[in-house]
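Just so we're on the same page: letters track the sequence lines, and every chain starts at 1. Bear in mind that the values here come from a model prediction, so they are computed numbers and not experimental data.
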Amino acid sequence: MNLKTEISRLVSRAVESAVRDGAFDDIFGDIDPKVEYPREMKFGDYSTPIALESARLLRRSPMEIATGLARYIGTDPRMSSIEVVKPGFINMFLSTGFLYDNLKEIVRLGADYGSSSKQTPRRINIEFVSANPTGPLNIVSARAAAVGDTIANLMEFAGDVVDREFYVNDYGNQVSLLGRSVLARIREQKGESVEFPEDGYHGAYIADIAAHIAEDYEREMSAIAGEDELVDFLALKAIEYNLAGQRRDLEEFNVRFKTWFSERTLHEKGSVNETLDLLEKANGVYADEGKSMFRSTDYNDDKDRVLVRDDGRPTYFLADIAYHREKFERGYDLAIDIWGPDHHGHITRLLGAMKSLGFDGKRLNILISQQVNLLMEGETVKMSKRLGQFSTMRDLIDEIGVDVARYFFVMRSLESHLDFDLTLAKKESSENPVFYLQYAHARICSLFREAEKRGMTYDPSSADPAYLDNEESILLMKHLAKFPEEMEDAAEKCEPHRVATFLMKVAQAFHKFYTEHRILTDDRAMSVTYLLLCDAVRTVMANGLTLLGVSAPDQM
RNA sequence: GCGCCAGUAGCUCAGUGGAUAGAGCAACGGCCUUCUAAGCCGUUGGUCGCUGGUUCGAUCCCAGCCUGGCGCGCCA
């Protein structure tokens, strides 16, 4: 259990005891004790406004309640003091003894510090990126990749079992459009004059794919008789080619999917039709001019949505319902989807359909990752696949590297529209926030190398907490103690940017500490104590950077 | 017209209904004979879009406006 949770338990128990003693009315026990971080250090490390919140209910003054309750919180070994202040806050201060013990705990646990294990871990499926297999991944996909993977990391760290999944849209109109675009390019390359399909894929990469396929599958292609069959074949090969490229880029971005789920298989094994039957049984479907409609207006949608067209072809919506049904039937307790902003309108209807099928809506959590505005020299770059300039994830990786890219995508909250200025990201690469974090880690590694060079033995058991009784050390230790709860919070709320914000605070506190205190000196006991602190900082930085998918270098 | 997201320092953005609203970058001024200066310290910088409401207390919740972006397909 993390520190913050333990402290709110402490307050809860105090309330219980106080009520039992008759010090307060029974209704006091109904109040959920909030524990928060005070804005200022002089107000302690944790604070509860419970007395302010319950004053009206108890018909007593906040100060009176706070003073009465503080007595029951009493002396806890983790606290150095508990104060009751002005309007009625109860402020709690962590003891340096506890913080010091925690330091040793951090070093002992290493990569496990901050992680938790659950008695009954949730099985979670997180689906993200899921770009169309019609070309290379773009910047929006890159953001989704960074965000989704970090959320997955956080949830695994919090003790759940997480599967990363990529949904492959290898079915429908655009697939044959892709096939026809490739066919047109192949014929063009043979010198035939062809009309390029309307709404076809014009990108230069299509020509590359066409050339590859024409070379690799010459024999197979000549054996195919009909034009439609040829288009199907080419579409399939083009998808394979694109998927391989997407997978390669994602792996280089430190993102590995467990499952690449093909939409086509849903249609082939009848799961789509089966889903329609189930929706009909749930009375969610009616016929309208030869179409099957879903009553999504029963679930707050603006209008009912088509499931099957009048020519009998299922819509993407129906397949999507089948897909999410399939996910739940695979036994996941929670399915998380990360969608682009252009899909937000689909949330209501999909949730409605899942509820109609009898699934608990809480099992599906759809997150919207807002758009990315790509800037160069402060100017917006239009994201067209035809323009070759920095529109792909591959270009981004080549240009600024995985560490910088992943950090930039995750440092902002999901909902905020992200301005990504490439010129700035590149130009400022030496003063980039991500280097600030990595530098803290590298600096500590360097300290240990230097200590070894000087023949100092690092034996934490000979450390002496008395040396840590200074402002910089204490602040640093306090941050380190909050790592587990901050990460748990980030996981629970699906807010990966909290990791970046937290690490920034730790790095800041460390750089300050480093400047103020000389670590390697003739005072061996002091050196060892400081090294212990540094070791703990290094552990937390490494664990946090790993969650972000960013490397923690030994030297820079 | 409807829906979603955003509006906080010059720029990019954090901020759990609580106490004197923060960081990075940019600007300016300091700090390396000693463990990594990719660092530290200081200064400048704010009607938290506007107007009401809810309450002991609102940047945060609610309503209505204003501005910007995105979406409103039987494409995926």
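Between A:H202 and A:F196, the angle of the ring planes lies from 30° to 60°, which puts this pair in the tilted group.
Stacking between A:F43 and B:A19 is present: the aromatic ring centre lies within less than 5.5 angstrom of the base six-membered ring centre, and the two planes differ by under 30 degrees. Under the stacking criterion of a centre-to-centre distance below 5.5 angstrom and an interplanar angle below 30°, A:F89 sits stacked against the six-membered ring of B:A19.
Residue A:K493 is out of contact with every strand shown, counting any heavy-atom pair closer than 4.0 Å.
Remark: aromatic rings of A:F448 and A:Y458 are close, center separation under 6.0 Å. Proximity of the aromatic rings of A:H346 and A:F317 is defined here by a centroid distance below 6.0 angstrom, and this criterion is not met.
A:V308 has its side chain within reach of A:L276: a pair of non-hydrogen atoms, C-beta onward, lies under 4.5 Å apart.
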The dot-bracket string of RNA chain B, counting Watson-Crick and G-U wobble pairs with both distances under 3.5 Å, using [ ] for crossing pairs and | for pairs to another strand, is (((((((..((((....[...)))).(((((.......))))).....(((((..]....))))))))))))....
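The side chain of A:T501 lies closest to B:A14, out of B:A76, B:A14, B:C75.
Mapping A:G345 and A:Q555 onto RNA chain B by nearest heavy atom places A:Q555 closer to the 5' end of the strand.
The shortest distance between the side-chain N/O atoms of A:H497 and the OP1/OP2 oxygens of B:G15 is below 4.0 Å. Note on A:S47: every side-chain N or O is 4.0 Å or more away from OP1 and OP2 of B:G18. Put simply, A:K512 has a side-chain N or O that comes within less than 4.0 Å of OP1 or OP2 on B:C41.
B:A14 atom C1' lies 16 Å from atom NE2 of A:H417, rounded to whole Å. What separates NZ of A:K86 from P of B:G57 is a distance of 18 Å, to the nearest Å.
Within residues 444-452 of chain A, the residues having any heavy atom closer than 4.0 Å to RNA chain B are, in order of number, A:S446, A:L447, A:R449, A:E450.
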